[in-house]
2 protein chains.
Amino acid sequence: MKTNINVVAEKAGVSIATVSRAFNEKELVKEETRSRIIKIARDLNYKPSPIARGLSTQTTDTIGVILPDLVGEFFMDIIHGIDEEAYKSNRYVMVSSSHSQRNMVETLIEFMASGRVDGVILMAPQMHKEVDDFLSKSKRPIVLINSCSDLTNVVNFQIDNYQGAMTCVEHLIWHGYKEIAIIKGPAENCDAQERYLGYRDALAKNNLNVNHLFEVIGDFQIKSGYYAFLKLMNQTNKPDAIFISNDMMAIGAYEAAKFLKIKIPEDVAVVGFDDIYLSKLLNPRLTTMHVPISELGAKALNYLLKMISDEVNPKQAYKEVFPTELVIGGSCGCSNFYQSLI
Amino acid sequence: MKTNINVVAEKAGVSIATVSRAFNEKELVKEETRSRIIKIARDLNYKPSPIARGLSTQTTDTIGVILPDLVGEFFMDIIHGIDEEAYKSNRYVMVSSSHSQRNMVETLIEFMASGRVDGVILMAPQMHKEVDDFLSKSKRPIVLINSCSDLTNVVNFQIDNYQGAMTCVEHLIWHGYKEIAIIKGPAENCDAQERYLGYRDALAKNNLNVNHLFEVIGDFQIKSGYYAFLKLMNQTNKPDAIFISNDMMAIGAYEAAKFLKIKIPEDVAVVGFDDIYLSKLLNPRLTTMHVPISELGAKALNYLLKMISDEVNPKQAYKEVFPTELVIGGSCGCSNFYQSLI
DNA sequence: TTGAAAGCGCTAACAT
DNA sequence: ATGTTAGCGCTTTCAA
């Protein structure tokens with residue numbers, strides 16, 4: 001026979017209500033009975049069924065994580081941050097990629113409506129309007145991470161792309177570069193947009209002109225960084241520095257530089273963004289912006305748990321912006337940077 | 001009022017059993033009634049509760065994935081492969097790291113016993129005996145991936161470490177190297193053990209002596225590759241080639257080579273194992289063994305689903321070994337390899 | 001401090 | 001083809 005709450009109750013000579021209380025509301029049951037019940041439960045190897053409890057309480061102790069993709073260390077870091085905190089709080093983590101933008105909303109709705117999860121952490125770098133609509137309707141709490149910052153009435157944990165980009169560009173300006181180009185990310189991507197604004201404002205703040213020939217668009221992938229670099233450096237007016245909106249494209253740029261026999265940083269300085277592991281391995285080490293991505297996942301989870309437990313008002317919009325940190329490599333013209341992996 | 005199966009049944013003027021059938025055993029209900037029910041359900045935005053269904057059927061349509069760690073692209077690839085297939089089959093994926101070996105068994109037991117998942121994909125590169133014991137007792141099916149191959153009576157999807165290592169080493173031998181060293185992985189790690197055996201047997205097969213001074217142990221991390229390389233190349237008798245048991249350590253070796261002003265492959269040839277993304281970026285591109293890790297995750301999931309549905313006998317031991325593929329870079333002495341990232 | 005009993009929302013065996 | 005009903009294993013209100 002399966003050992004459920006009934007057999008424990010019977011063995012212990014109490015009602016199932018008492019067994020339930022012994023496990024949940026410990027203070028409501030006499031210590032002596034409780035310890036007896038617990039001991040019997042252990043002997044029988046009894047564990048309350050989370051499914052049954054879930055049906056009764058409408059909670060599952062699991063949270064959903066929906067990411068645009070499940071590729072590369074970046075997303076792994078997010079999951080890692082979430083997993084660590086979830087483990088501490090005895091929660092389970094269900095992951096899913098968006099499986100194309102089209103399906104993301106469906107996935108989300110299924111997650112929520114189904115009651116499989118108590119809440120969701122969602123990363124949607126290019127937020128569709130439908131998602132925005134849905135967020136406000138959702139019964140279960142949702143925390144956005146790394147998503148567009150122009151959303152109203154949502155809980156959003158983000159990287160400070162704007163300030164980060166500005167710092168990157170100002171670092172180049174500090175080096176004395178005046179012809180600073182940018183390789184942008186995809187137009188519809190919010191990170192890309194914010195980083196672009198940081199770039200623009202850094203130039204403006206320092207009285208440098210904006211040159212449209214110095215703005216090339218990429219897609220955050222290596223290849224586009226390669227071609228963008230070629231395009232920039234094959235012009236008559238060449239930049240003396242390039243702010244590359246993410247490290248992946250910077251890798252492509254390094255390749256292109258090798259191809260063109262252009263030296264970084266002697267012929268053109270570059271800085272990236274994201275501080276992915278790979279950037280340590282470039283030669284010279286890429287100067288880039290570190291983003292605390294794992295920490296962001298961890299913090300998002302903890303906030304979500306508070307929303308679930310009503311420790312914070314789940315209906316209340318909330319925003320947390322995580323500062324980034326410049327990591328000096330040799331690509332910007334700095335010397336004496338820390339290159340070693342060891 | 002919450003819209004559950006009762007309100008749908010009432011609106012449709014049928015019993016809840018019919019509603020249930022309309023959703024599950026479509027053939028048992030008249031097409032006309034069915035479509036009416038489905039329409040009403042849609043209007044009411046009704047979705048059957050998976051929790052309630054789970055309580056009744058003892059299934060959750062979710063599978064658990066337990067990995068030693070949630071860091072780096074390698075583990076992300078596994079999850080990715082699993083996620084893609086799970087999505088196709090309408091299954092959900094719960095991930096967890098082992099949170100230290102000690103807790104792995106607990107996590108596993110909780111996963112299984114609790115009924116949160118219908119089955120588990122487990123990666124345990126250094127299998128403790130307790131886990132082995134547990135596996136045979138488990139009520140729910142478990143598929144091991146990338147785990148020790150000496151386990152009996154389990155379902156195990158693995159990389160062909162032995163053959164892969166042998167191929168690596170024979171490639172070096174083919175180049176004419178005779179003093180071939182190895183940087184090993186952790187002694188208790190099964191991948192490491194199997195790769196070591198491949199190395200040994202490749203030497204034996206080709207009548208090369210084994211030299212204990214040419215065997216250095218590492219821990220699969222960059223740093224240990226660095227020091228291992230230093231140790232090997234600071235000996236009086238230096239190897240002319242090194243089989244490095246994984247790419248991470250190869251990265252360390254490249255660093256060490258740079259430090260010692262030793263040229264790869266002119267002064268010493270190296271090959272790695274895993275074909276991680278990083279290895280493409282090394283200069284010269286690392287010759288290494290590609291392992292179909294994402295595919296392994298996908299195949300493991302599909303087999304697990306078959307076990308769950310009893311399409312295959314879940315009690316039947318089963319083993320699938322995935323062949324690896326040599327990726328030629330410049331580190332082994334080959335020329336005309338494909339280096340470009342673009 | 002404990003028990004009885006009514007759900008939670010669904011499935012499936014049995015009945016019609 | 002459809003309905004009735006007894007679970008699935010737990011929580012929680014109400015009563016004692």
Side-chain angles (χ1 to χ4, degrees), chain A residues 1-38 40-41 44-62 110 112-118 139-140 309, chain B residues 1-38 40-41 44-62 110 112-118 139-140 309:
Chain A
M1 170 166 186
K2 286 209 59 183
T3 119
N4 55 22
I5 199 172
N6 292 295
V7 354
V8 175
E10 195 172 336
K11 283 252 187 206
V14 297
S15 74
I16 61 168
T18 304
V19 176
S20 175
R21 289 192 193 101
F23 276 91
N24 300 313
E25 311 171 273
K26 309 193 193 330
E27 64 285 357
L28 291 185
V29 38
K30 212 200 316 180
E31 177 50 30
E32 181 210 314
T33 358
R34 198 186 80 81
S35 55
R36 184 160 43 92
I37 292 174
I38 296 297
I40 290 177
L44 294 172
N45 195 25
Y46 165 78
K47 296 237 171 44
S49 152
I51 306 295
R53 167 182 280 162
L55 183 58
S56 191
T57 61
Q58 306 294 344
T59 63
T60 58
D61 286 348
T62 114
E110 165 63 6
M112 308 275 75
S114 69
R116 276 180 202 281
V117 297
D118 297 341
K139 291 286 161 239
R140 313 250 179 190
S309 65
Chain B
M1 169 163 184
K2 286 211 59 183
T3 118
N4 57 22
I5 199 172
N6 292 296
V7 355
V8 175
E10 196 172 336
K11 282 253 189 206
V14 297
S15 74
I16 61 168
T18 304
V19 175
S20 175
R21 289 193 195 101
F23 276 91
N24 300 314
E25 311 172 273
K26 308 195 196 325
E27 63 287 355
L28 291 185
V29 40
K30 212 200 315 179
E31 177 50 30
E32 182 210 314
T33 356
R34 199 185 80 82
S35 55
R36 185 160 42 90
I37 292 173
I38 297 298
I40 290 176
L44 295 172
N45 194 26
Y46 165 78
K47 296 238 171 44
S49 152
I51 305 296
R53 168 182 280 161
L55 184 58
S56 190
T57 61
Q58 305 295 345
T59 63
T60 57
D61 285 347
T62 113
E110 166 63 7
M112 308 275 72
S114 70
R116 277 180 201 281
V117 297
D118 298 342
K139 291 287 162 236
R140 314 247 180 194
S309 66

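With hydrogens and angles disregarded, a donor-acceptor distance shorter than 3.5 Å links the side chain of A/Arg36 to the backbone of A/Ala12. At least one donor-acceptor pair under 3.5 Å links the side chain of B/Thr60 to the backbone N or O of B/Arg116.
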Could you go over nucleotides 12-16 of chain C and give all protein N or O partners under 3.5 Å, atom names and distances?
| from | atom 1 | to | atom 2 | distance (Å) |
| --- | --- | --- | --- | --- |
| C/dA13 | N6 | B/Arg21 | NH2 | 3.3 |

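Atom C1' of nucleotide C/dG9 and atom CG of A/Leu55 are separated by 5 Å, given to the nearest angstrom. We find that CG of A/Asn6 is positioned 14 Å from C1' of C/dG3, with the value rounded to whole Å. Rounded to an integer number of Å, the gap from CZ of A/Arg53 to C1' of C/dG9 is 18 Å. Nucleotide C/dT1 holds its P atom 13 Å from the CZ atom of A/Arg34, rounded to whole Å.
Residue contacts shown for A/Val19 are absent, as no nucleic acid heavy atom lies under 4.0 Å away. Note on B/Gly13: only backbone sugar-phosphate atoms sit closer than 4.0 angstrom, heavy atoms only; bases stay farther off.
In this structure, CG in A/Asn6 is found 10.5 Å from OG in A/Ser15, a value given to the nearest 0.5 Å. Atom CG of A/Asp118 sits about 8.0 Å away from atom OG1 of A/Thr57, to the nearest 0.5 Å. Note that NZ of A/Lys2 is 5.0 Å distant from CD of B/Gln58, once rounded to the nearest 0.5 Å. Note that NZ of A/Lys47 is 5.0 Å distant from CG of A/Asn45, once rounded to the nearest 0.5 Å.
Of the residues in residues 45-52 of chain B, those with a non-hydrogen atom less than 4.0 angstrom from any atom of DNA chain C are B/Tyr46, B/Lys47, B/Pro48, B/Ser49, B/Ala52.
Protein chain A touches strand DNA chain D; the 5'-most and 3'-most nucleotides with an atom under 4.0 angstrom of its non-hydrogen atoms are D/dG9 to D/dT13.
Among pairs with a residue in residues 7-26 of chain B, none fulfils salt bridge (charged side-chain N to carboxylate O under 4.0 Å, His left out), at least two apart in sequence or across chains.
Listed by chain and number, the residues in a salt bridge (charged side-chain N to carboxylate O under 4.0 Å, His left out) with A/Glu31 are A/Arg34 (sequence neighbours excluded).
Listed here is the closest heavy atom pair of A/Asn4 and A/Tyr46: C-CE1, 3.5 Å. A pairwise comparison of heavy atoms in B/Val29 and B/Ala22 identifies CG1-CA, 3.8 Å as the closest pair. Scanning both residues, B/Ile5 and B/Ile16, for their nearest heavy atoms gives CD1-O, 3.5 Å. When all heavy atoms of B/Gly54 and A/Ile51 are compared, the pair lying nearest together is C-CG2, 3.9 Å. Closest approach of A/Ala52 and A/Ser49 over heavy atoms only: N-OG, 3.1 Å.
Each end of the helix from C/dT1-D/dA16 to C/dT16-D/dA1 yields a helix axis from five base pairs, and these two axes differ in direction by 30° (to the nearest 10 degrees).
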